[in-house]
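Here the structure comes first, spelled out in structure tokens, and everything after it is commentary.
Reckoned from all heavy atoms, side chains included, excluding hydrogens, waters and symmetry mates.
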Amino acid sequence: MPKRIDIQSIIRSRFVRDLPFVVVGCAIAAFAVDMFMVPQGLAAGGLTGLATIIAELGRRAGVNLPVGIQTIVMNAVLLLFVVRTGGARYAVQTITGFVLLGFFTDLFAPFVVPFDKGDLMLCALWGGIISGLGYGLVFRCGVNTGGSDTIAQIISRKTSLPVGSTVMAIDVAVCVGSAPVFSVENALYAALAMVLMGIVIDRVVDGTDRRRAAFVISESHAAIADDVMYEMGRGVTELAARGVWSGKNRPMLMIILDRREVSILKTIVAQRDPEAIMFFTDVTEAIGEGFKELGD
């Protein structure tokens with residue numbers, strides 16, 4: 001039986017390798033929050049938006065409630081409810097994301113010169129674009145910053161509501177909740193920033209699609225399929241293929257996976273068979289076990 005590849009060690013090494021990008025991404029997002037969002041009263045969803053509302057209420061009461069510390073504390077409490085299902089790796093990645101984001105948010109706050117408060121349109125546009133760029137870098141590395149995603153996981157577990165729809169509902173609720181504290185105009189611009197942020201994040205992470213289909217032709221197809229199924233947890237389909245020049249029948253593997261898993265698959269194939277042929281194609285929608293349910 002072929003020796004199994006330690007996928008967890010590969011993931012850990014990728015996390016260490018990508019950590020500088022996570023730091024840069026969190027710093028960029030925090031800069032946008034401090035320059036364009038918080039000073040202008042733009043609560044663009046998530047725990048950062050909720051912390052912006054609480055910070056303003058605290059300011060009016062004469063209490064200083066830093067946005068960064070608030071998000072770290074709230075995320076830490078929420079993480080206790082989902083860490084069992086996510087495992088240790090999920091916890092480490094999430095803690096890294098929200099601690100760095102909160103740290104940079106409070107670190108930059110005293111030094112960043114806020115943008116002109118009179119131009120909410122520019123603040124919403126650039127706040128959404130720049131913060132989306134930062135979050136996108138973080139998510140591209142397989143790390144997340146907690147917030148709405150964590151809350152949605154808790155709600156979904158109790159109610160069976162789709163996580164994606166729940167995240168959107170939470171973010172919208174935060175924007176709406178900011179209207180009595182700031183103004184309806186601020187809430188509308190915050191919603192605009194939130195939409196732009198989501199678009200930029202998608203572009204940075206994976207463009208217009210979220211999946212890849214990989215096709216692998218290799219003499220070691222059985223070992224590769226075994227690693228993909230039992231180490232990556234992905235399904236593999238074996239297609240009949242025949243080389244015209246050689247006349248040999250050789251199975252071709254088809255695997256649908258997330259974009260962030262492409263590098264892991266390349267590592268597996270390279271270690272099993274450096275002479276393998278592998279190519280990828282875009283998948284605009286994946287439906288079935290491990291992906292979206294049929295009918296959604």
Identify, with sequence neighbours excluded, every residue that meets salt bridge (Lys or Arg N to Asp or Glu O under 4.0 Å) alongside E56. R59, R60

List the residues meeting salt bridge (Lys or Arg N to Asp or Glu O under 4.0 Å) with E185, not counting sequence neighbours, and say none if there are none. none

Just checking, is any N or O donor in the side chain of D273 or S218 under 3.5 Å from an acceptor N or O on the other one? yes

Heavy-atom side-chain contact between [X] and [Y] under 4.5 Å:
X	Y	value
P114	Q40	yes
M197	Y135	yes
V33	F104	no
H221	E238	yes
L101	T71	no
I256	R234	no

Can you hop from [X] to [Y] via hydrophobic side chains spaced under 4.5 Å?
X	Y	value
L65	L78	yes
V112	F103	yes
I217	M278	no
I268	I277	no
V262	V216	yes

Would you compute the distance between atom [atom1] of [X] and atom [atom2] of [Y] and round it to the nearest 0.5 angstrom?
X	Y	atom1	atom2	result
S220	Q271	OG	CD	12.0 Å
L80	N75	CG	CG	11.0 Å
R250	L239	CZ	CG	14.5 Å
L253	I224	CG	CD1	6.5 Å
L196	M194	CG	CE	10.5 Å
D106	I72	CG	CD1	7.0 Å

What residues form a ring pair (Phe, Tyr, Trp, His ring centres under 6.0 Å) with F280, not counting sequence neighbours? none

Name all residues meeting the ring pair (Phe, Tyr, Trp, His ring centres under 6.0 Å) criterion together with F139; count only those two or more places apart in sequence or in a different chain, and write none if there are none. none

Would you mind listing every ring-ring contact (aromatic ring centres under 6.0 Å, His included) that reaches into residues 174-197, with sequence neighbours excluded? none

Within residues 34-77 or reaching into it, pairs that qualify as ring-ring contact (aromatic ring centres under 6.0 Å, His included) - sequence neighbours excluded: F36-F115

Could you walk me through whether L100 and V138 pass the side-chain contact (heavy atoms from CB on, under 4.5 Å) test, one step at a time? CA-CA 11 Å; L100 284 174; V138 175; over 6 Å; no

Check: residues 120-132 side-chain donor-acceptor pairs under 3.5 Å, at least two apart:
residue, atom, partner, partner atom, Å
S131, OG, G127, O, 2.5
S131, OG, G128, O, 3.4

May I ask you to decide if [Y]'s main-chain N or O and [X]'s side chain share a donor-acceptor pair within less than 3.5 Å?
X	Y	answer
D171	G46	yes
Q70	G102	no
R140	V204	yes

Between T52 and A43, which heavy-atom pair has the shortest distance, and what is it? CB-CB, 4.4 Å

What are the two closest non-hydrogen atoms of G45 and C175, and how far apart are they? N-SG, 3.9 Å

Can you list every pair that meets side chain to side chain donor-acceptor pair (under 3.5 Å) and has a residue in residues 173-184, with sequence neighbours left out? S183-N186

Quick one, L265 with V228, criterion side-chain contact (heavy atoms from CB on, under 4.5 Å). Give me CA distance, side-chain angles, the key distance, then yes/no. CA-CA 7 Å; L265 177 62; V228 172; 3.7 Å; yes

From CA spacing to verdict: side-chain contact (heavy atoms from CB on, under 4.5 Å), D227, R272: CA-CA 10 Å; D227 287 332; R272 291 300 188 190; 2.6 Å; yes

List in chain and number order the residues that pass side-chain contact (heavy atoms from CB on, under 4.5 Å) with [X], two or more places apart in sequence or in another chain; answer none if no residue qualifies.
X	result
F21	D18, C141
L50	L47, I54, M74
T94	L79, Y90, F98, N144
A222	none

Taking the six-membered ring for Trp, are F108 and F31 ring centroids under 6.0 Å apart? no

